[in-house]
K.L.:
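Encoded as structure tokens, here's the structure I'll be asking about.
Numbering of ligands and ligand atoms starts at 1, following listing order.
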Amino acid sequence: MSQGLSPNLQHLETSATIAISQEAKRRRAAGEDVIDLGAGEPDFPTPSIPADAGVRAIREGKTHYPANEGILELRAAAAKHLSLLSGGRPVNADHVVISNGSKQSLFNVCFSLFGPGDVVAIPAPAWVSYPQIVHLTRARPVLVPGDPEWSLKVGVRDLERVVPGAQGLILCSPCNPTGGVYTHAEIKAIAQWAVERKVWVITDEIYRRIHYGPGPAPSFLDLPDELLERVVVIYGVSKAYAMTGWRIGIALAPGKIAKAMAALQSHTTTGANHPAQFAAAAALGDERVEQDVMRMVAEFRKRRDLVVGRFRRDLPGVEFVDPLGAFYFFFRVDSLGGSSGTEFCTRLITESGVALVPGSAFGDDRYVRLSYAAATGDIERALEKIVGFAKKLGD
Ligand SMILES: Cc1ncc(COP(=O)(O)O)c(C=O)c1O
């Protein structure tokens, strides 16, 4: 960072994924034909029930300051929804805090829990914002490399080896950027380790509904209470409900932490966008929206199958993580003429007009992330170009 800025920002970098999308937009504006498979944003419109509820809230004058912790309607709908996803377990609405997007929820929880001298473990590859958010608290993020033989996931042995004295762990399942999903047994083992080691677990489950196995992806909320005393669940409507622009995030935390998070945002944002909270409450609380979610997930599944099928057929030597959730495909490029992810993506956008995100953004530049949250026609065209480019590199 340039001189004059506070040490608070000493590690700050712009989000690499947002930078790629901006580069794709810039090239498009300059008249280039660029297909953007970089952005992690559903291409579907927000379903009409939450959209109408948001408009209605504006018309009804719900346009003043909201409660700091979020409106009761949304906190209650979120608690009921999370309870239903985990077989009816009790979920206390008083422990739910609503923020302007789950990114802010993550910031609030990290800022409430960690500070100078703390170490926070982050399984890698990891979503770009985790290390940045931990740096903003002045704690130290430590990446724990995932096992390539195991969908780049980590287990207790990895955590013990790399970060035996960590104060926190941020886990993401289904995972951005890999599409990997932790099983119930894997989650339980990590939760038990965290209890023994008194580690706070922040479990980012924003992609929980976008799961290609039966039902929602396994969650920490499927575990018994005694394993959840130091667990904070991050959830949201951005991804599964195609509501990225409404900026609503959800955190479920032990009471004291939930209060601290609400107090923190009372001094930063006051609270989340008021009418948008009614839209999110309708998304989570109205059963008819479930049909919309199922339709979108079915569509993501078709696109996933398209990408996987094409790679298997045309690039059989290229390894990738088995994508079981979210809408990302994470493939390895170092077998293609020794290319790094950065080189691959830089040349791909210049020579073939396809924007993907290099693994360097997530802590492992042997890989590249493709987002299939895009129109099928665009994915087909992009695959054609990627296959042609990869074959050229591999020759
Ligand atoms: C893993 C993960 N967590 C959190 C977020 C933030 O989502 P939002 O702030 O839109 O709720 C994203 C968005 O890209 C994400 O991929």
K.L.:
Any N/O of Y207 closer than 3.5 Å to an N/O of ligand 1?
P.N.:
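Indeed, backbone or side chain, Y207 has an N or O that close.
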
K.L.:
Less than 4.0 Å is my threshold; does some heavy atom of G249 fall inside it relative to ligand 1?
P.N.:
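No heavy atom of G249 comes that close to ligand 1.
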
K.L.:
Is there a heavy atom in E41 that sits closer than 4.0 Å to ligand 1?
P.N.:
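Checking ligand 1 against E41, which is what was asked, there is no heavy-atom contact under 4.0 Å.
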
K.L.:
What I want to know is whether Y328 and ligand 1 share at least one N or O pair that is separated by under 3.5 angstrom.
P.N.:
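No.
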
K.L.:
Please state whether the rings of F327 and Y207 are parallel, tilted or perpendicular, taking 30° and 60° as the class boundaries.
P.N.:
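Taking Y207 first and then F327, their aromatic rings stand perpendicular (interplane angle over 60°).
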
K.L.:
Which one holds for Q104 and ligand 1: side chain close, backbone close, both close, or neither close, with close meaning a heavy atom under 4.0 Å?
P.N.:
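Near ligand 1, Q104 shows nothing, with every heavy atom at 4.0 Å or more.
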
K.L.:
Is ligand 1 less than 4.0 angstrom away from at least one heavy atom of G236?
P.N.:
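Per 4.0 Å heavy-atom rule, G236 does not contact ligand 1.
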
K.L.:
Taking NZ, NE, NH1 and NH2 as the nitrogens, is one of them in E299 or R303 under 4.0 Å from a carboxylate oxygen of the other?
P.N.:
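Looking at R303 together with E299, the answer is yes, because their closest N to O distance falls below 4.0 Å.
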
K.L.:
Need the ligand 1 atom indices (1-based, order shown) with element for anything under 4.0 Å from a heavy-atom of S238.
P.N.:
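So the answer, numbered in order with elements, is 8 (P), 10 (O), 11 (O).
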
K.L.:
Does ligand 1 come near enough to N176 that some N or O of the ligand is less than 3.5 Å from an N or O of the residue?
P.N.:
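Between N176 and ligand 1, an N or O pair is found under 3.5 Å apart.
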
K.L.:
Any N/O of D204 closer than 3.5 Å to an N/O of ligand 1?
P.N.:
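N/O-N/O distance under 3.5 Å: yes.
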
K.L.:
Examine the proximity of ligand 1 to Y130 and report which part, side chain or backbone, both or neither, has a heavy atom under 4.0 Å away.
P.N.:
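For Y130, only side-chain atoms sit under 4.0 Å from ligand 1.
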
